[in-house]
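Here is the structure we will look at, set down as structure tokens.
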Protein chains: 2
Amino acid sequence: METPEVHNLASDADIERAARCLKAMSHPLRLKILCVLSTEKMSVQDIVEKVGTSQSNISQHLAILREKDILNYKKDANRVFYYIDDPRMLKLIEMMRLVFCQTPTF
Amino acid sequence: METPEVHNLASDADIERAARCLKAMSHPLRLKILCVLSTEKMSVQDIVEKVGTSQSNISQHLAILREKDILNYKKDANRVFYYIDDPRMLKLIEMMRLVFCQTPTF
DNA sequence: CCTATTTTTTAGCATTTACTAATATTAGTG
DNA sequence: CACTAATATTAGTAAATGCTAAAAAATAGG
């Protein structure tokens, strides 16, 4: 009996946090946004063009990522530039690429 | 539109696949199930005890993970043992642990 | 067969999600 | 100020999700 409970995402708090983050990443458009932003800071308009859906839709997805602290942003005059601040998030995205793309993985 | 576009989860197909997988992992109970199974094969009953919700609920979550090919299973008499088959999935879970737990982040 | 145990499936319902269309806000420009 | 461009917000609606409770399958043992 593991009394001290080791289910290796240590605590339930960790689990909740991770699940919330995964959920935020688990929509195709949001994942694509993250991929696009993993290499460069970008304005909403640019994201709209790269990702391809309505401006309103992108904005709503950006809001979700923003609220979950997955994206950060900086206003510049008329425009808003979004970017990924947290190195852990970058690492995670890189990991996804490793796992989900045409990869020999090991 | 799709110019030779590198948004680094290579294709939209990759994105869809990754998003579907992430979505499957993005529920606290399912994530906990995955964590628990990342070290050992386990019967449904054992998972119920480790994870903690109704048996029916666990079974439904297992079905979701199974249908997305995230979990594999083996029947043994009365019982069904679930396990993670894909080494990429194991790698991903390990990654989550690195990113979401008491982490040095790098 | 009858029964007990383990697991899956189903039904019903409340909640959340995602989208479109329309409107509002913010900032720059003439 | 009026006008335009960029972004955010709101409202409405259709679909998906997650849960509980109840019923069904599957398997083993007497």
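Please read these numbers as outputs of a predicted model, since none were measured by experiment. Just so it is clear: chains get the letters A, B, ... in the order the sequence lines come, proteins before strands, and each one is counted from 1.
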For this session: Tell me whether the OP1 or OP2 atom of C:dT16 has a side-chain N or O from A:Arg20 closer than 4.0 Å.
Result: no
Problem set entry | Residues forming a side chain to side chain donor-acceptor pair (under 3.5 Å) with A:Ser56, sequence neighbours excluded | A:Gln60
Exercise. Base, sugar-phosphate, or nothing for B:Tyr82, non-hydrogen atoms under 4.0 angstrom?
Worked result: sugar-phosphate
Exercise. Which letters describe nucleotides 18-27 of chain C, given B = protein heavy atom under 4.0 Å from base, S = only from sugar-phosphate, - = neither?
Worked result: SBBBB---BB
Exercise. Given atom CG of B:Leu62 and atom C1' of C:dT6, what is their separation to the nearest angstrom?
Worked result: 13 Å
Problem set entry | Short N-O contact, B:Arg79 and B:Asp76, less than 4.0 angstrom | no
For this session: Taking only Lys NZ, Arg NE, NH1 and NH2, and the carboxylate oxygens of Asp or Glu, determine whether B:Asp86 and B:Lys91 approach each other closer than 4.0 Å.
Result: no
For this session: Grab the CD1-C1' distance between B:Ile58 and D:dT20 for me, whole Å please.
Result: 14 Å
Seminar exercise, completed: Rounded to the nearest 0.5 angstrom, the CZ-CG distance for A:Arg20 and B:Leu31 is 12.0 Å
Seminar exercise, completed: Taken to the nearest whole Å, CD/B:Glu49 to P/C:dT6 is 9 Å
For this session: May I ask you to say what A:Phe81 touches in the nucleic acid, namely base, sugar-phosphate or nothing, with a heavy-atom cut-off under 4.0 Å?
Result: nothing
For this session: Calculate the interatomic distance between A:Glu67 atom CD and C:dT17 atom C1'; express it in whole Å.
Result: 14 Å
Problem set entry | A:Lys41 NZ/CZ over A:Tyr83 ring centroid, <6.0 Å and within 45° of normal | yes
Problem set entry | Distance-minimising heavy-atom pair for B:Leu22 and A:Met25 | CD1-O, 3.8 Å
